[in-house]
Amino acid sequence: MSSPKFALLTLAGLAAALYAQQGYKDTPILPGQPWHVHDPDRPHPHAVTPGAEPGAPPSDAMVLFDGKDLSKWEQHDHGKTVDAKWKVETGYFEVAAGTGDLISRDRFGDCQLHVEWSEPTTVSGSSQNRGNSGVYLQSLYEMQVLDSYNQPTYADGQAAAIYGQWPPLVNPIRPPGQWNTYDIVFEAPKFEGQKLVKPAFVTFFFNGIVVHNRKELNGSTEHRALGTYKPHGDEPLLLQDHGHPVRYRNIWIRAVKGYDQPEK
Ligand code: MG
(Lines give C-alpha, C1' and ligand atoms only; values in the text may rest on other atoms or scores of the structure.)
Protein backbone atom coordinates (compact mmCIF):
# COMPACT_ATOMS: atom_id res chain seq x y z
CA MET A 1 0.00 0.00 0.00
CA SER A 2 1.36 3.43 -0.83
CA SER A 3 -0.17 6.72 0.12
CA PRO A 4 0.35 9.92 -1.98
CA LYS A 5 2.53 11.23 0.90
CA PHE A 6 4.72 8.13 0.79
CA ALA A 7 5.04 8.42 -3.01
CA LEU A 8 6.16 12.06 -2.66
CA LEU A 9 8.75 11.10 -0.06
CA THR A 10 10.03 8.35 -2.33
CA LEU A 11 10.33 10.74 -5.28
CA ALA A 12 12.18 13.27 -3.14
CA GLY A 13 14.47 10.53 -1.92
CA LEU A 14 15.18 9.38 -5.46
CA ALA A 15 15.92 12.94 -6.62
CA ALA A 16 18.23 13.49 -3.64
CA ALA A 17 20.05 10.24 -4.33
CA LEU A 18 20.44 11.12 -8.00
CA TYR A 19 21.71 14.61 -7.19
CA ALA A 20 24.11 13.23 -4.59
CA GLN A 21 25.69 10.99 -7.21
CA GLN A 22 26.53 14.04 -9.32
CA GLY A 23 27.73 16.30 -6.55
CA TYR A 24 26.84 18.61 -3.72
CA LYS A 25 26.09 22.29 -3.30
CA ASP A 26 25.89 22.23 0.50
CA THR A 27 29.61 21.60 0.92
CA PRO A 28 32.42 24.12 1.66
CA ILE A 29 34.00 26.25 -1.10
CA LEU A 30 37.52 25.04 -1.90
CA PRO A 31 40.21 27.58 -0.87
CA GLY A 32 41.40 29.58 -3.88
CA GLN A 33 38.84 27.96 -6.18
CA PRO A 34 35.28 28.93 -7.13
CA TRP A 35 33.96 25.39 -6.58
CA HIS A 36 32.22 23.55 -3.76
CA VAL A 37 33.78 20.27 -2.62
CA HIS A 38 32.25 17.74 -5.09
CA ASP A 39 30.61 20.59 -7.04
CA PRO A 40 28.17 19.17 -9.62
CA ASP A 41 28.65 22.25 -11.84
CA ARG A 42 32.44 21.86 -12.11
CA PRO A 43 33.40 21.19 -15.78
CA HIS A 44 34.69 17.73 -16.57
CA PRO A 45 38.07 17.08 -18.23
CA HIS A 46 37.72 16.02 -21.85
CA ALA A 47 38.42 12.43 -22.81
CA VAL A 48 41.79 11.41 -24.24
CA THR A 49 42.52 7.95 -25.59
CA PRO A 50 45.88 6.76 -24.27
CA GLY A 51 48.46 5.15 -26.52
CA ALA A 52 48.01 1.45 -27.29
CA GLU A 53 51.15 0.57 -25.34
CA PRO A 54 53.35 2.46 -22.83
CA GLY A 55 55.11 5.35 -24.55
CA ALA A 56 52.80 5.45 -27.56
CA PRO A 57 51.22 8.83 -28.36
CA PRO A 58 47.79 9.57 -26.87
CA SER A 59 44.95 10.75 -29.12
CA ASP A 60 45.55 14.47 -28.53
CA ALA A 61 49.34 14.44 -29.11
CA MET A 62 51.12 15.96 -32.08
CA VAL A 63 53.42 13.25 -33.40
CA LEU A 64 56.74 14.85 -34.37
CA PHE A 65 58.36 11.61 -35.54
CA ASP A 66 56.47 8.40 -36.21
CA GLY A 67 59.40 6.38 -37.52
CA LYS A 68 59.00 7.41 -41.14
CA ASP A 69 60.05 10.94 -42.06
CA LEU A 70 61.22 14.34 -40.80
CA SER A 71 58.39 16.37 -42.38
CA LYS A 72 57.68 18.05 -39.02
CA TRP A 73 61.27 19.35 -38.84
CA GLU A 74 63.59 21.76 -40.62
CA GLN A 75 67.16 22.98 -40.40
CA HIS A 76 68.96 26.28 -40.93
CA ASP A 77 71.76 26.63 -43.42
CA HIS A 78 73.56 29.98 -43.54
CA GLY A 79 70.42 31.77 -42.40
CA LYS A 80 68.11 29.93 -44.78
CA THR A 81 65.48 27.43 -43.73
CA VAL A 82 66.00 24.07 -45.44
CA ASP A 83 64.48 20.59 -45.22
CA ALA A 84 65.86 18.34 -42.49
CA LYS A 85 69.06 16.54 -43.43
CA TRP A 86 69.38 14.18 -40.48
CA LYS A 87 69.36 10.52 -41.53
CA VAL A 88 66.09 8.59 -41.33
CA GLU A 89 66.55 4.85 -40.93
CA THR A 90 63.98 2.16 -40.16
CA GLY A 91 61.95 3.51 -37.25
CA TYR A 92 64.47 6.06 -36.07
CA PHE A 93 66.64 8.95 -37.23
CA GLU A 94 70.22 9.91 -36.47
CA VAL A 95 72.11 13.17 -36.04
CA ALA A 96 73.91 14.01 -39.28
CA ALA A 97 76.98 15.49 -37.63
CA GLY A 98 77.92 18.93 -38.85
CA THR A 99 74.60 19.72 -40.55
CA GLY A 100 73.29 21.73 -37.60
CA ASP A 101 70.43 21.44 -35.14
CA LEU A 102 67.04 19.95 -36.00
CA ILE A 103 64.19 22.40 -35.43
CA SER A 104 60.47 21.66 -35.25
CA ARG A 105 58.32 23.51 -37.77
CA ASP A 106 55.71 24.16 -35.06
CA ARG A 107 56.16 26.28 -31.97
CA PHE A 108 55.19 25.33 -28.45
CA GLY A 109 54.54 26.85 -25.03
CA ASP A 110 53.44 24.82 -22.00
CA CYS A 111 53.70 21.19 -23.03
CA GLN A 112 54.24 17.52 -22.26
CA LEU A 113 56.98 15.94 -24.36
CA HIS A 114 57.98 12.33 -25.01
CA VAL A 115 61.33 11.58 -26.66
CA GLU A 116 63.29 8.34 -27.06
CA TRP A 117 67.01 8.29 -27.83
CA SER A 118 69.98 5.93 -27.89
CA GLU A 119 73.72 6.33 -27.78
CA PRO A 120 76.22 5.09 -30.40
CA THR A 121 77.42 1.54 -29.74
CA THR A 122 80.86 2.56 -30.95
CA VAL A 123 81.91 4.29 -27.74
CA SER A 124 84.44 7.08 -28.13
CA GLY A 125 85.42 10.33 -26.45
CA SER A 126 84.95 11.30 -22.83
CA SER A 127 83.06 13.77 -20.63
CA GLN A 128 81.03 16.15 -22.84
CA ASN A 129 82.58 14.67 -25.97
CA ARG A 130 80.76 11.33 -25.80
CA GLY A 131 77.33 10.94 -27.37
CA ASN A 132 76.36 14.56 -26.79
CA SER A 133 73.08 15.91 -28.12
CA GLY A 134 70.22 17.67 -26.37
CA VAL A 135 66.51 18.38 -26.25
CA TYR A 136 66.02 22.14 -26.19
CA LEU A 137 62.59 23.20 -24.98
CA GLN A 138 61.61 26.37 -26.84
CA SER A 139 65.09 26.20 -28.48
CA LEU A 140 66.51 27.78 -25.30
CA TYR A 141 66.34 25.34 -22.39
CA GLU A 142 68.50 22.21 -22.85
CA MET A 143 67.66 18.86 -21.32
CA GLN A 144 71.02 17.18 -21.84
CA VAL A 145 71.46 14.04 -23.92
CA LEU A 146 74.83 12.38 -23.28
CA ASP A 147 76.39 8.94 -22.90
CA SER A 148 76.51 9.02 -19.09
CA TYR A 149 76.75 5.23 -18.75
CA ASN A 150 79.73 4.67 -16.43
CA GLN A 151 81.06 7.92 -17.85
CA PRO A 152 81.80 10.87 -15.57
CA THR A 153 81.39 14.50 -16.50
CA TYR A 154 80.30 17.50 -14.42
CA ALA A 155 77.00 16.63 -12.72
CA ASP A 156 74.99 19.45 -14.25
CA GLY A 157 76.08 18.29 -17.72
CA GLN A 158 75.24 14.58 -17.57
CA ALA A 159 72.25 12.96 -19.29
CA ALA A 160 68.92 14.43 -18.09
CA ALA A 161 70.62 17.44 -16.50
CA ILE A 162 68.97 20.79 -17.01
CA TYR A 163 72.24 21.85 -18.55
CA GLY A 164 74.42 23.99 -16.32
CA GLN A 165 71.70 24.32 -13.68
CA TRP A 166 70.38 21.09 -12.17
CA PRO A 167 71.81 17.54 -12.22
CA PRO A 168 69.19 14.77 -12.40
CA LEU A 169 68.22 13.35 -8.98
CA VAL A 170 69.54 9.92 -10.06
CA ASN A 171 71.17 8.42 -13.16
CA PRO A 172 68.98 5.67 -14.65
CA ILE A 173 70.63 5.67 -18.10
CA ARG A 174 70.73 2.48 -20.19
CA PRO A 175 73.88 1.22 -21.93
CA PRO A 176 74.78 2.47 -25.42
CA GLY A 177 72.55 0.96 -28.11
CA GLN A 178 69.51 0.64 -25.82
CA TRP A 179 66.61 3.08 -26.00
CA ASN A 180 66.11 5.67 -23.25
CA THR A 181 62.90 7.65 -22.68
CA TYR A 182 62.41 11.24 -21.61
CA ASP A 183 58.97 12.37 -20.43
CA ILE A 184 59.02 16.07 -19.68
CA VAL A 185 56.41 18.45 -18.31
CA PHE A 186 57.40 21.98 -19.23
CA GLU A 187 55.91 25.19 -17.89
CA ALA A 188 57.08 27.90 -20.25
CA PRO A 189 58.25 31.20 -18.76
CA LYS A 190 55.74 34.04 -18.93
CA PHE A 191 56.56 37.65 -19.75
CA GLU A 192 54.69 40.94 -19.61
CA GLY A 193 56.50 43.28 -21.96
CA GLN A 194 60.17 43.04 -21.00
CA LYS A 195 59.40 41.71 -17.52
CA LEU A 196 59.58 38.06 -16.45
CA VAL A 197 56.42 37.33 -14.46
CA LYS A 198 56.87 33.54 -14.14
CA PRO A 199 60.08 31.52 -14.68
CA ALA A 200 60.20 28.19 -16.50
CA PHE A 201 59.64 24.97 -14.54
CA VAL A 202 60.54 21.42 -15.55
CA THR A 203 59.23 18.10 -14.25
CA PHE A 204 61.07 15.22 -15.85
CA PHE A 205 60.96 11.40 -15.89
CA PHE A 206 64.03 9.58 -17.30
CA ASN A 207 63.26 5.94 -18.16
CA GLY A 208 60.16 6.33 -16.00
CA ILE A 209 62.08 7.61 -12.96
CA VAL A 210 61.60 11.13 -11.65
CA VAL A 211 64.78 13.18 -12.07
CA HIS A 212 63.35 16.70 -11.72
CA ASN A 213 60.26 17.70 -9.76
CA ARG A 214 59.10 21.16 -10.85
CA LYS A 215 62.61 22.59 -10.94
CA GLU A 216 62.82 26.33 -11.56
CA LEU A 217 65.16 27.42 -14.34
CA ASN A 218 67.33 30.51 -13.93
CA GLY A 219 66.99 31.29 -17.62
CA SER A 220 68.39 29.86 -20.84
CA THR A 221 70.87 26.99 -20.38
CA GLU A 222 74.45 28.14 -21.02
CA HIS A 223 77.99 26.76 -21.13
CA ARG A 224 80.13 28.22 -18.32
CA ALA A 225 77.66 31.01 -17.66
CA LEU A 226 74.43 31.78 -15.85
CA GLY A 227 71.20 31.69 -17.75
CA THR A 228 69.21 34.77 -18.60
CA TYR A 229 65.60 35.35 -19.52
CA LYS A 230 64.77 37.37 -22.58
CA PRO A 231 61.10 37.81 -23.49
CA HIS A 232 59.76 35.33 -26.03
CA GLY A 233 56.56 33.58 -26.97
CA ASP A 234 56.01 30.05 -28.22
CA GLU A 235 59.18 28.68 -29.81
CA PRO A 236 60.20 25.52 -31.71
CA LEU A 237 61.54 22.38 -30.11
CA LEU A 238 65.20 21.86 -31.04
CA LEU A 239 67.45 18.76 -31.08
CA GLN A 240 71.13 19.51 -30.83
CA ASP A 241 73.82 18.53 -33.33
CA HIS A 242 76.88 18.24 -31.11
CA GLY A 243 78.76 16.21 -33.71
CA HIS A 244 77.82 12.76 -32.41
CA PRO A 245 75.57 10.15 -34.11
CA VAL A 246 72.87 9.98 -31.43
CA ARG A 247 69.59 8.34 -32.51
CA TYR A 248 66.00 9.41 -31.83
CA ARG A 249 62.59 7.81 -32.28
CA ASN A 250 58.96 8.12 -31.12
CA ILE A 251 58.72 11.85 -30.44
CA TRP A 252 55.37 13.36 -29.54
CA ILE A 253 54.17 16.48 -27.77
CA ARG A 254 50.95 17.67 -26.17
CA ALA A 255 50.28 21.36 -25.89
CA VAL A 256 48.89 21.84 -22.39
CA LYS A 257 46.65 24.81 -21.80
CA GLY A 258 46.42 26.22 -18.31
CA TYR A 259 48.37 24.12 -15.82
CA ASP A 260 47.20 26.49 -13.11
CA GLN A 261 43.54 26.77 -14.06
CA PRO A 262 42.51 23.57 -15.86
CA GLU A 263 38.86 24.63 -16.11
CA LYS A 264 39.57 27.79 -18.08
MG1 MG B 1 74.08 18.71 -25.33
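The figures here come from the full heavy-atom set of this structure, side chains too, leaving out hydrogens, waters and symmetry mates. If you read the sequence from its start, that first residue is 1, and numbering goes on from there. All values derive from a computational prediction rather than experimental measurement.
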Short side-chain to backbone donor-acceptor contact, N218 and G227, under 3.5 Å | yes
Is there a donor-acceptor contact under 3.5 Å from the side chain of R105 to the main chain of S71?
-> yes
N/O donor-acceptor pair under 3.5 Å between D183 side chain and F205 backbone = no
So do the side chains of Y136 and T221 get within less than 4.5 Å of each other, counting heavy atoms only?
-> yes
For the side chain of H114 and the backbone of W252, is there at least one donor-acceptor N/O pair under 3.5 Å apart?
-> no
Only one of K85, K87, R249 passes salt bridge (Lys or Arg N to Asp or Glu O under 4.0 Å) with E94, and that residue is K87
Only one of V256, L137, I253 forms a side chain to side chain contact (heavy atoms under 4.5 Å, CB included) with F108, so which one is it?
-> I253
When you measure from the side chain of S104 to the backbone N and O of D106, does any donor-acceptor pair fall under 3.5 Å?
-> yes
Judged by atom type as modelled, is there a donor-acceptor pair below 3.5 Å linking the side chain of D156 to the main-chain atoms of I162?
-> no
Taking N132 for the side chain and Q128 for the main chain, is one N or O donor matched with an acceptor at less than 3.5 Å?
-> yes
Taking it one step at a time, do Y248 and F65 satisfy ring pair (Phe, Tyr, Trp, His ring centres under 6.0 Å)?
-> CA-CA 9 Å; Y248 289 93; F65 180 69; 9.4 Å; no
Distance from E187 atom CD to E216 atom CD, nearest 0.5 Å?
-> 10.5 Å
Using 4.0 Å as the upper bound for N to carboxylate O, is an ion pair formed by K72 and D66?
-> no
Is any side-chain heavy atom of H36 closer than 4.5 Å to a side-chain heavy atom of H38?
-> no
Side-chain heavy atoms of N250 within contact of P57, under 4.5 Å | yes
State, with a plain yes or no, whether a side-chain heavy atom of F93 is found less than 4.5 Å away from one of L102.
-> yes
pair T228-K230: side-chain heavy atoms closer than 4.5 Å = yes
Distance-minimising heavy-atom pair for A160 and H212 = O-NE2, 2.7 Å
Hey, quick one: are L238 and I184 part of the same hydrophobic cluster, counting side-chain heavy atoms closer than 4.5 Å, chains of contacts allowed?
-> no
Under a 4.5 Å cut-off applied to non-hydrogen side-chain atoms, are W117 and V135 in contact?
-> no
Answer yes if the ring centres of F204 and Y182 are under 6.0 angstrom apart, and no otherwise.
-> yes
Going by distance alone, is a donor N or O of one side chain under 3.5 Å from an acceptor N or O of the other, for T99 and Q75?
-> yes
Short question: side chain of D147, backbone of E119 - any donor-acceptor pair under 3.5 Å?
-> no
Just wondering, do V145 and Q240 contact through their side chains at under 4.5 Å, heavy atoms?
-> no
Would you check if the side chain of K190 reaches a backbone N or O of A188 as a donor-acceptor pair within less than 3.5 Å?
-> yes
